[in-house]
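Notes to accompany the following structure.
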Amino acid sequence: MMALLYGIVVYVLFFVTFLYAIGFVEDLVVPKTIDSGSAGSSEQALVVNLVLLSIFAIQHSVMARPQFKQWWTKFVPASVERTTYVLLASLALALLLWQWQPMPEAVWQIANTPIAMTMTCLSLVGWLIVLTSTFLINHFELFGLHQVANNLVGRPMRAPRFRTPLFYHFVRHPIYLGFIIAFWAAPTMSVGHLLFAAVTTAYIFVGIRLEERDLIDVFGDGYRRYRERVSMLLPWRKSA
């Protein structure tokens with residue numbers, strides 16, 4: 001029961017942080033956004049923001065690797081391993097949102113109101129693609145709830161199955177595609193927002209290489225054939 005309560009609390013923390021991140025990037029509703037607050041020196045802001053992005057990226061990359069999981073589960077029960085990963089990821093994201101230093105100088109600004117609104121809507125569509133894609137695979141397993149629920153009733157986790165529902169027919173990584181759309185479709189692109197979008201996009205490409213290596217280890221030739229047939233991020237199929 002404690003594991004289930006832990007999983008629920010962590011999931012709520014994740015979801016609140018995720019919703020706040022949408023407002024943070026879109027400069028909407030939340031008290032602190034990517035461009036709000038008093039701006040200090042550009043050099044200090046650059047260093048602080050790069051450190052925050054690095055903490056987030058390293059936590060995601062290292063803790064997601066199978067080798068780390070094998071070591072980590074010697075100390076953390078396997079039933080809450082994913083929940084603990086989600087907790088630390090949420091805390092890393094919360095730290096970034098809290099300590100982000102604004103760099104508000106405009107790189108571009110769309111003055112035409114209909115076009116600006118279209119860009120904002122496109123960015124929100126990106127977030128919707130991210131969330132929808134998590135449900136297409138297994139949202140509650142991805143964020144640790146499935147594991148703690150199974151542990152409560154004594155049901156073992158099923159072996160991973162290779163599936164390609166809906167968006168996954170057209171791109172191999174729709175979650176990452178959604179993030180790229182959300183970060184870059186900005187009616188006003190400040191220096192800070194550009195830094196955030198550029199670094200996270202670079203991290204996405206590194207993450208894809210690491211993730212696909214792990215997927216090939218798990219699914220073998222099935223994933224290799226999928227990779228040959230379906231493009232990585234641009235939504236078209238390579239072949240019939």
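Every heavy atom of this structure was used, including side-chain atoms; hydrogens, water molecules and symmetry mates were not. Please read these numbers as outputs of a predicted model, since none were measured by experiment.
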What are the two closest non-hydrogen atoms of [X] and [Y], and how far apart are they?
X	Y	answer
F24	K32	CD1-O, 3.4 Å
A21	W127	O-CZ2, 4.1 Å
M232	F205	CE-CE2, 3.5 Å
I8	L145	N-CD2, 3.7 Å
N151	A3	ND2-CB, 4.0 Å
A89	H60	CB-CE1, 3.5 Å

When rounded to the nearest 0.5 angstrom, what distance separates [atom1] in [X] from [atom2] in [Y]?
X	Y	atom1	atom2	answer
Q70	Q67	CD	CD	6.5 Å
M119	M189	CE	CE	7.5 Å
N49	S42	CG	OG	10.5 Å
Q147	L152	CD	CG	13.5 Å
H146	T83	NE2	OG1	12.0 Å

Test item: [X] side-chain N/O and [Y] main-chain N/O as donor-acceptor pair under 3.5 Å:
X	Y	result
S54	L50	yes
T200	A197	yes
E141	H139	no
D35	P104	no
H193	E26	no
S123	A182	yes
T134	L131	yes
R65	S61	yes
R224	I216	no

Check whether any side-chain heavy atom of [X] lies under 4.5 Å from a side-chain heavy atom of [Y], and answer yes or no.
X	Y	result
L13	L87	yes
L93	F56	yes
F167	L177	no
L233	I208	yes
F15	F143	no
V107	V191	yes
I181	V125	no
F18	V130	yes

Residue from L52, V25, I34, T17 passing side chain to side chain contact (heavy atoms under 4.5 Å, CB included) with L97: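 Option passing the side chain to side chain contact (heavy atoms under 4.5 Å, CB included) with L97: T17.
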
Between F196 and W100, ring centroids under 6.0 Å: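 They qualify: ring centres under 6.0 Å apart.
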
Aromatic centroids of F179 and Y176 separated by under 6.0 Å: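 No; F179 has its ring centre 6.0 Å or more from that of Y176.
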
Worked verdict on F135 versus L142 for side-chain contact (heavy atoms from CB on, under 4.5 Å): CA-CA 9 Å; F135 281 99; L142 190 62; over 6 Å; no

Intermediate values then yes/no, side-chain contact (heavy atoms from CB on, under 4.5 Å), W98 and L95: CA-CA 5 Å; W98 174 39; L95 177 66; 4.0 Å; yes

Would you say [Y] ends up clustered with [X] if hydrophobic residues are merged whenever their side chains have heavy atoms under 4.5 Å apart, either directly or through other cluster members?
X	Y	value
L91	I58	yes
W108	L195	yes
V12	V9	no
L4	V153	no
V62	F75	yes

Other residues, nucleotides, ligands: >12 heavy atoms within 6.0 Å of R209 CZ: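 Check fails, neighbour count at 12 or below.
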
Intermediate values then yes/no, side-chain contact (heavy atoms from CB on, under 4.5 Å), I22 and L124: CA-CA 8 Å; I22 296 175; L124 293 174; 4.3 Å; yes

Residues Y226, F219; criterion ring-ring contact (aromatic ring centres under 6.0 Å, His included); working and verdict: CA-CA 10 Å; Y226 175 65; F219 298 112; 9.8 Å; no

Criterion side-chain contact (heavy atoms from CB on, under 4.5 Å) on I137 and Y168, from CA distance to verdict: CA-CA 9 Å; I137 42 178; Y168 291 85; 3.6 Å; yes

Donor-acceptor side-chain pairing of T84 and Y6 below 3.5 angstrom: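 Side chains of T84 and Y6: pair found under 3.5 Å.
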
